[in-house]
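Below is one structure, written out as structure tokens, with a few remarks after it.
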Amino acid sequence: MEKKYNPQAIEKKWQEYWEKEGHFRVKEDSDLPKFYCLEMFPYPSGKIHMGHVRNYVIGDVITKYKKLKGFNVLHPMGWDSFGLPAENAAISHGVHPAAWTGENIAYMKNQIKKIGLCYDWQREITTCKAEYYKWNQWFFLKMLKLGLAYKKASFVNWCPSCDTVLANEQVVNGLCWRCDTTVTRRELEQWFFKITAYAEELLNSCNALTGWPERVVVMQRNWIGRSEGVEVDFRVAGSDKAIRIFTTRQDTLYGATFISLSKKYPLLDALVKDREVGRQIEKLSEDSREKEGVFTGSYAINPLTGDKLPVWVANFVLMEYGTGAIMAVPAHDQRDFEFARKYNLPVKVVILPESHMKHTETGKNKDKISEAYEDEGMLVNSDRFSGLQSIDAKKGIACFLEKEGLGKKVINYKLRDWGVSRQRYWGTPIPIVYCESCGIVPVPENELPVLLPDGVFSNSKGASPLSEITDFKETRCPGCGESARRETDTMDTFVDSSWYFLRYCSPHENDRPFDPDAVLYWMPVDQYIGGIEHAVLHLLYSRFFTKVLRDIGIIKMDEPFKNLLTQGMVIKDGAKMSKSKGNVIDPDYLINRYGADTVRLFCLFAAPPEKDLEWSDKGVEGSYRFLNRIWVLTYNNREVLMLSHRENKNDSFSFSHLKPNALRLLRKTHQTIKKVTNDIERNYHFNTAIAALMELMNEIASFTPLSEDDKNVLGFSLKQGILLLAPFAPHIAEEFWKGMGGSQSVFNETWPLWDEKITREDEIELVIQINGKLRSKLMIPAGLDDEGIKESALRDPRISEYLQSRCMKKIIVVKGKLINIVI
RNA sequence: GCCGGAGUGGCGGAAUUUGGUAGACGCAAGGGACUUAAAAUCCCUCGGUCUUUAAGGCUGUGCCGGUUCAAGUCCGGCCUCCGGCACCA
């Protein structure tokens with residue numbers, strides 16, 4: 001062991017050692033409890049950044065800890081390697097996306113290894129390889145067969161910068177999730193996955209996600225957006241047609257004063273007689289927040305009142321939700337109210353708030369209101385339902401409508417089907433052929449994979465690059481053998497990441513996506529770690545895929561991720577680290593300067609994992625100082641440590657006759673084992689675990705051994721400290737471990753256990769309060785009974801001074817902690 | 001607007017599980033030791049304020065109330081910040 005801590009010298013050595021020994025290579029072993037630890041795999045964009053480092057270090061600590069605890073731990077890594085940046089780099093630099101991606105992977109893999117992360121690299125996955133994306137195609141065909149993949153023309157989100165369609169989940173505040181370009185609408189024929197078929201289950205099983213952060217579950221629930229209501233038919237006056245509306249507020253049905261339709265409402269042609277009106281409707285902008293509308297000229301009949309209501313087109317009514325038609329109740333819906341005021345339409349109050357009930361006579365409602373009353377209340381002007389509370393009226397009116405055949409109860413979801421077609425090159429080809437006579441024909445399974453053609457791809461805007469590759473596009477129909485044309489769109493890359501965690505279980509299967517037995521053994525993922533940005537996107541798609549694959553019959557679980565940890569961002573100078581802000585810290589630079597252990601330690605110590613981490617160069621130096629202190633401490637005590645290890649002086653030595661300071665160190669050691677273990681087990685609060693380790697090291701440093709017993713305790717404490725440090729700073733721990741004579745890796749050891757007996761203090765500091773205020777402290781034996789505590793407290797000179805000439809009302813004793821004297 | 005989460009020293013953060021010494025651990029700052037000097041290292045101080053010889057007193061966890069012997073922690077009412085959704089009928 002060198003005298004000076006030189007991370008560069010030791011880190012490389014142990015990284016090679018771990019890799020050579022295959023330390024973190026795993027296979028299924030039914031004798032061992034399994035643990036599947038997974039970090040969201042990266043897109044190989046070029047270099048890793050601090051966000052990656054933080055993410056992977058958190059997973060690495062958990063992995064190493066679980067291994068020391070005796071688990072068979074699967075910890076794989078791979079590359080989410082299809083996607084736009086590769087294609088854009090290819091266009092601007094003239095390199096092939098595959099080459100660009102391959103170089104990045106090689107570079108990033110090397111960077112990752114320098115952090116000292118323990119992955120089973122034999123399970124590495126690269127999604128842009130045919131051996132992987134073949135199974136995307138296979139799943140697509142399975143879903144097609146089940147009606148879960150289908151093609152339809154619709155208005156879709158279009159990113160003009162990325163030149164492709166986006167799913168709803170990929171539009172963030174109207175901007176593209178990847179490049180922040182304003183998303184436009186286009187009408188296109190696209191492939192969809194019918195995620196809405198699973199809306200109910202995805203929502204209900206949110207309750208089973210007990211290991212997920214509450215806010216992520218809430219975001220998923222909101223995204224799915226269930227609402228209960230009724231659909232009601234409003235007959236069009238003078239016609240046999242009807243307008244079907246959806247409402248969740250059937251209790252306000254008597255207050256409907258007009259009907260609003262989406263400008264895309266299919267029946268519109270029949271309702272609009274005047275051509276000029278049609279032109280005005282055409283001009284309505286759905287993007288405008290300003291409410292605008294046009295009267296169609298038609299009327300519809302309220303089935304409950306028989307009233308004739310004017311039918312309008314309103315720019316805020318969405319065709320995509322409900323039926324594309326609503327009943328407008330201006331008195332009880334603010335949007336309808338604004339619309340009614342603008343176009344001078346009638347307002348009819350049918351709900352009164354609780355507070356009004358006492359002093360407002362029913363029937364005498366004020367139509368001159370300044371805003372809609374949207375809460376529930378008591379019905380008025382509602383015929384037989386007047387006087388009911390909203391909650392009862394909702395039930396009553398829904399039942400009445402159903403009984404009379406005027407409407408039915410309906411559940412609606414905000415969730416839309418997942419559009420998976422992308423008009424780009426660098427993705428999985430959709431395995432479909434279009435034939436003049438046979439129509440849409442799936443590529444037969446035995447012809448998979450449909451290979452992404454190599455080499456040629458272009459930069460033409462608006463069309464799929466694959467459509468320009470004749471060799472690819474022109475093919476034979478698998479059905480009739482006549483010439484046909486391939487689908488030239490590729491799949492959304494989120495398809496790739498929706499099942500990669502299954503592939504890791506048996507990544508080399510050629511004839512099936514994965515081995516069901518391996519999946520049965522490893523799944524679900526016990527700990528998944530990644531950024532909050534996927535709270536809906538990737539996590540929702542993966543849950544959907546899991547349920548579909550279950551229904552196909554190839555897996556048996558309902559949910560893929562048992563526990564989820566969403567780590568916070570890495571912040572510098574108040575903003576997320578990014579190239580554009582110029583506040584990035586290069587992990588390579590830090591590792592070269594301080595070593596990986598320092599970088600790891602700082603990432604873990606500066607904040608609990610779920611919170612944002614404020615970067616501090618000085619803080620990194622603090623972590624480096626700590627490791628140096630440990631180094632010096634261990635070096636100075638190397639002989640004691642080696643002796644302790646050789647003679648295997650574990651916790652078996654007698655401690656009953658130890659001197660007070662040695663006993664104190666021994667106690668501190670057991671307390672630290674307990675604290676570190678609990679901090680990891682409870683909620684991965686590594687920051688406080690490391691703080692406890694620092695305390696232990698400070699205590700060891702201030703301990704001077706005088707006797708053999710003292711040396712035994714010192715050796716024991718140091719050895720336990722090294723074991724506790726191992727998951728956080730693996731290189732230095734391995735160096736110490738081997739340096740003191742360990743025959744095998746520190747990671748083949750077992751995590752230390754604490755002895756509860758020893759953690760307990762035999763003397764405690766009694767806090768003495770008077771009227772709840774701290775007045776004195778006193779050392780007393782831990783086992784002292786209430787009477788004894790009272791006696792000692794009252795004997796305390798400071799206390800007796802306080803108590804002079806005052807009478808005590810009450811004394812409260814909290815055993816082992818404090819006494820409060822009320823005077 | 002709706003739904004989450006959070007407000008604690010100069011800073012990152014402890015203590016909230018189970019009401020019981022607020023500020024662990026670290027960073028920064030100030031002082032000192034060592035050194036020709038500097039770096040490194042080590043030691044001391046470190047919420048505010050009053051008194052100061054000592055010890056201590058008062059005050060302090062976003063704000064206002066409440067419960068309690070005792071509240072950062074529980075209850076009621078606000079304020080601010082962050083995140084998500086947002087014309088979803």
Side-chain angles (χ1 to χ4, degrees), chain A residues 172-174 213-223 225-227 229 245-250 252 260 262 286-291 314-318 320-329 332-336 338-339 374 412-416 532-533 535-536 568-569 571 601-602 605-608 610-623 625-626 628-629 632 675 678 682-683 685 687-698 701 765-777 798 809-823:
Chain A
V172 180
N173 291 328
E214 182 63 23
R215 62 175 175 154
V216 176
V217 178
V218 167
M219 279 159 78
Q220 294 232 341
R221 282 203 187 101
N222 289 345
W223 189 262
R226 180 185 198 267
S227 55
I245 63 100
F246 172 71
T247 182
T248 57
R249 290 300 301 273
Q250 59 271 24
T252 65
S260 298
S262 160
E286 292 188 318
D287 298 330
S288 165
R289 298 289 296 185
E290 181 67 30
K291 286 175 185 51
N315 65 338
F316 63 89
V317 178
L318 305 167
E320 293 82 12
Y321 185 75
T323 60
I326 60 170
M327 64 169 192
V329 186
H332 305 294
D333 183 292
Q334 188 59 24
R335 295 158 301 179
D336 295 342
E338 286 168 26
F339 193 86
E374 296 189 319
N412 264 325
Y413 296 93
K414 285 190 212 171
L415 184 71
R416 308 287 149 69
I532 187 75
E533 66 271 18
V536 175
M569 291 184 296
I571 303 283
L601 207 63
F602 176 72
F605 179 62
E610 71 279 6
K611 286 186 78 170
D612 286 349
L613 185 153
E614 176 76 34
W615 192 262
S616 154
D617 293 332
K618 293 287 184 185
V620 178
E621 282 181 33
S623 294
R625 273 200 290 271
F626 171 60
N628 268 296
R629 276 200 297 274
V632 171
K675 169 89 176 138
N678 286 342
R682 208 166 40 149
N683 43 13
H685 277 196
N687 56 330
T688 48
I690 291 169
L693 269 172
M694 287 173 169
E695 284 186 53
L696 176 65
M697 292 301 169
N698 289 343
E765 192 181 47
L766 178 73
V767 168
I768 308 173
Q769 295 182 331
I770 293 177
N771 286 354
K773 287 197 168 154
L774 173 72
R775 291 302 176 195
S776 186
K777 290 176 187 176
R798 209 167 314 136
K809 278 194 200 150
K810 203 172 171 185
I811 296 179
I812 289 126
V813 177
V814 181
K815 224 170 164 52
K817 278 214 170 112
L818 61 71
I819 175 168
N820 188 14
I821 302 165
V822 187
I823 57 175

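The chains referred to below are lettered A, B, ... by the order of the sequence lines, with proteins before strands, and numbering in each begins at 1.
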Worksheet item: With rounding to whole Å, what would you report as the distance between A29(B) and U35(B) at their C1' atoms?
Response: 23 Å
Discussion item. Which nucleotide, if any, forms a Watson-Crick or G-U wobble pair with A54(B), using both distances under 3.5 Å?
Written reply: none
Worksheet item: Nearest to the side chain of F246(A) - G13(B), G20(B), A89(B)?
Response: A89(B)
Worksheet entry | Span that lies between the P atom of G48(B) and that of C81(B), in whole angstrom | 28 Å
Worksheet item: Is there a donor and acceptor pair, one atom on the side chain of K291(A) and one on the base of C87(B), closer than 3.5 Å?
Response: yes
Discussion item. Base, sugar-phosphate or nothing for K777(A)? Non-hydrogen atoms, less than 4.0 Å.
Written reply: base
Item to complete: Find the distance N412(A):CG to C87(B):C1' and express it as a whole number of Å.
Response: 16 Å
Fill in: Criterion side chain to side chain contact (heavy atoms under 4.5 Å, CB included) on L766(A) and K777(A), from CA distance to verdict
CA-CA 6 Å; L766(A) 178 73; K777(A) 290 176 187 176; over 6 Å; no
Worksheet item: Given the C1' atoms of C74(B) and G20(B), what is the spacing between them in whole Å?
Response: 14 Å
Worksheet item: Is the phosphate of A70(B), meaning OP1 or OP2, less than 4.0 Å from a side-chain N or O of N771(A)?
Response: no
Response to the item:
E214(A) CD to C3(B) P, in whole Å, measures 14 Å
Worksheet item: In whole Å, what separates the P atom of G23(B) from that of U80(B)?
Response: 32 Å
Discussion item. I'd like the C1' distance from A71(B) over to U16(B), given in whole Å.
Written reply: 11 Å
Fill in: Inter-residue atom distance R775(A).CZ - I819(A).CD1, 0.5 Å rounding
15.0 Å
Worksheet item: Under 4.0 angstrom, heavy atoms only, what part of the nucleic acid is Q769(A) near: base, sugar-phosphate, or nothing?
Response: base
Practice prompt. Please report, rounded to the nearest Å, how far the P atom of A14(B) is from the CG atom of N678(A).
Written response: 16 Å
Worksheet item: Does NZ or CZ of K291(A) lie under 6.0 Å from the centre of the six-membered ring of F316(A), at an angle within 45° of the ring axis?
Response: yes
Worksheet item: Does a nitrogen or oxygen in the side chain of K773(A) sit under 4.0 Å from OP1 or OP2 of U59(B)?
Response: yes
Worksheet item: P608(A) has a side chain; which of G13(B), C25(B), G20(B) sits nearest to it?
Response: G13(B)
Fill in: Whole-Å gap separating P (G56(B)) and CD1 (I770(A))
14 Å
Item to complete: Could you check whether R625(A) gets within reach of a base, just the sugar-phosphate, or nothing at all, counting any heavy atom under 4.0 Å?
Response: sugar-phosphate
Worksheet item: Nearest to the side chain of A691(A), which nucleotide is it out of C69(B), C25(B), G83(B)?
Response: C25(B)
Worksheet item: Contact class for K618(A) (heavy atom, under 4.0 Å): base, sugar-phosphate, or nothing?
Response: sugar-phosphate
Response to the item:
pair_partner(U67(B)), Watson-Crick or wobble, both distances < 3.5 Å, evaluates to none
Worksheet item: Taking the P atom of each, how far is G26(B) from C46(B), in whole Å?
Response: 15 Å
Practice prompt. Taking syn as within 90° of 0 and anti otherwise, name the glycosidic form of G13(B).
Written response: anti
Worksheet item: Between CG of L601(A) and CG of N687(A), what distance do you get to the nearest 0.5 Å?
Response: 11.5 Å
Practice prompt. Would you mind telling me which residue lines up with the more 5' stretch of RNA chain B, V172(A) or T688(A), judged by nearest nucleotide?
Written response: T688(A)
Fill in: Shortest non-hydrogen contact from N771(A) toward N820(A)
N-OD1, 3.4 Å
Worksheet item: More 5' along RNA chain B: V317(A) or K675(A), using each one's nearest nucleotide?
Response: K675(A)
Practice prompt. Check for a donor-acceptor pair, side chain of D612(A) on one end and backbone N or O of M569(A) on the other, with a separation under 3.5 Å.
Written response: yes
Practice prompt. For nucleotides G77(B) and G10(B), find the distance between their C1' atoms and express it as a whole number of Å.
Written response: 33 Å
Worksheet item: Which base, if any, makes a Watson-Crick or G-U wobble pair with A15(B), both distances under 3.5 Å?
Response: none
Worksheet entry | Polar pair under 3.5 Å, donor/acceptor by atom type, side chain E765(A), base U21(B) | yes
Worksheet entry | Sugar-phosphate, base or nothing in reach of D336(A), heavy atoms under 4.0 Å | nothing
Item to complete: Report the distance from atom CD of E621(A) to atom P of G26(B), rounded to the nearest whole Å.
Response: 16 Å
Discussion item. Which nucleotide wins on minimum distance to the side chain of R682(A), given the candidates U17(B), A24(B), A89(B)?
Written reply: U17(B)
Practice prompt. Determine the contact category for S227(A): base if any of its heavy atoms lies under 4.0 Å from a base atom, sugar-phosphate if only primed atoms, P, OP1 or OP2 are that close, otherwise nothing.
Written response: sugar-phosphate
Item to complete: Locate the shortest heavy-atom distance separating M327(A) from T252(A); write the atom from each residue and the value.
Response: CE-OG1, 3.6 Å
Fill in: Identity of whatever pairs with U41(B) - Watson-Crick or G-U, under 3.5 angstrom
A33(B)
Worksheet item: The side chain of E695(A) lies closest to which of these nucleotides: C25(B), G26(B), A15(B)?
Response: C25(B)
Discussion item. Within the 4.0 Å heavy-atom criterion, would you say N820(A) contacts the bases, only the backbone, or no part of the nucleic acid?
Written reply: base
Worksheet item: Counting any heavy atom closer than 4.0 Å, what does G322(A) reach on the DNA or RNA strands: base, sugar-phosphate only, or nothing?
Response: nothing
Worksheet item: Nearest to the side chain of R629(A) - A89(B), G26(B), G13(B)?
Response: G26(B)
Discussion item. Checking base pairs now: Watson-Crick or wobble, both atom distances under 3.5 Å. What partners U8(B)?
Written reply: none
Fill in: Distance, rounded to the nearest Å, where E614(A) contributes CD and G10(B) contributes P
17 Å
Discussion item. Say we look at U17(B) and G7(B): how far apart would their P atoms be, to the nearest angstrom?
Written reply: 14 Å
Fill in: Separation of atom CZ in F316(A) from atom P in C87(B), rounded to whole Å
12 Å
Worksheet item: For C46(B), which nucleotide in any strand shown is its Watson-Crick or wobble partner with both distances under 3.5 Å?
Response: none
Worksheet item: Just checking V218(A): base, sugar-phosphate only, or nothing, at a heavy-atom cut-off of under 4.0 Å?
Response: sugar-phosphate
Worksheet entry | Gap between atom NZ of K611(A) and atom CD1 of I571(A) - 0.5 Å precision | 12.0 Å
Item to complete: Can you figure out which of C25(B), A89(B), U21(B) approaches the side chain of M694(A) most closely?
Response: C25(B)
Item to complete: Ignoring backbone atoms, test whether R289(A) places a side-chain nitrogen or oxygen under 4.0 Å from the OP1 or OP2 oxygen of A86(B).
Response: no
Worksheet entry | R775(A) side chain near A70(B) phosphate (N/O to OP1/OP2, under 4.0 Å) | no
Discussion item. I need the minimum non-hydrogen distance between A692(A) and K675(A), along with the two atoms involved.
Written reply: CB-CG, 3.5 Å
Practice prompt. Pick base, sugar-phosphate or nothing for R416(A), based on heavy-atom distances below 4.0 Å to the nucleic acid.
Written response: base
Worksheet item: Are the side chain of R629(A) and the backbone N or O of M694(A) linked by a donor-acceptor pair below 3.5 Å?
Response: no
Worksheet item: Is there a Watson-Crick or G-U wobble partner for C78(B) with both distances under 3.5 Å, and which nucleotide is it?
Response: G62(B)
Worksheet entry | Separation of C87(B) C1' from E320(A) CD (nearest whole Å) | 13 Å
Practice prompt. Would you classify N628(A) as touching base, sugar-phosphate or nothing, given that sugar-phosphate means primed atoms plus P, OP1 and OP2, and contacts are heavy atoms under 4.0 Å?
Written response: nothing
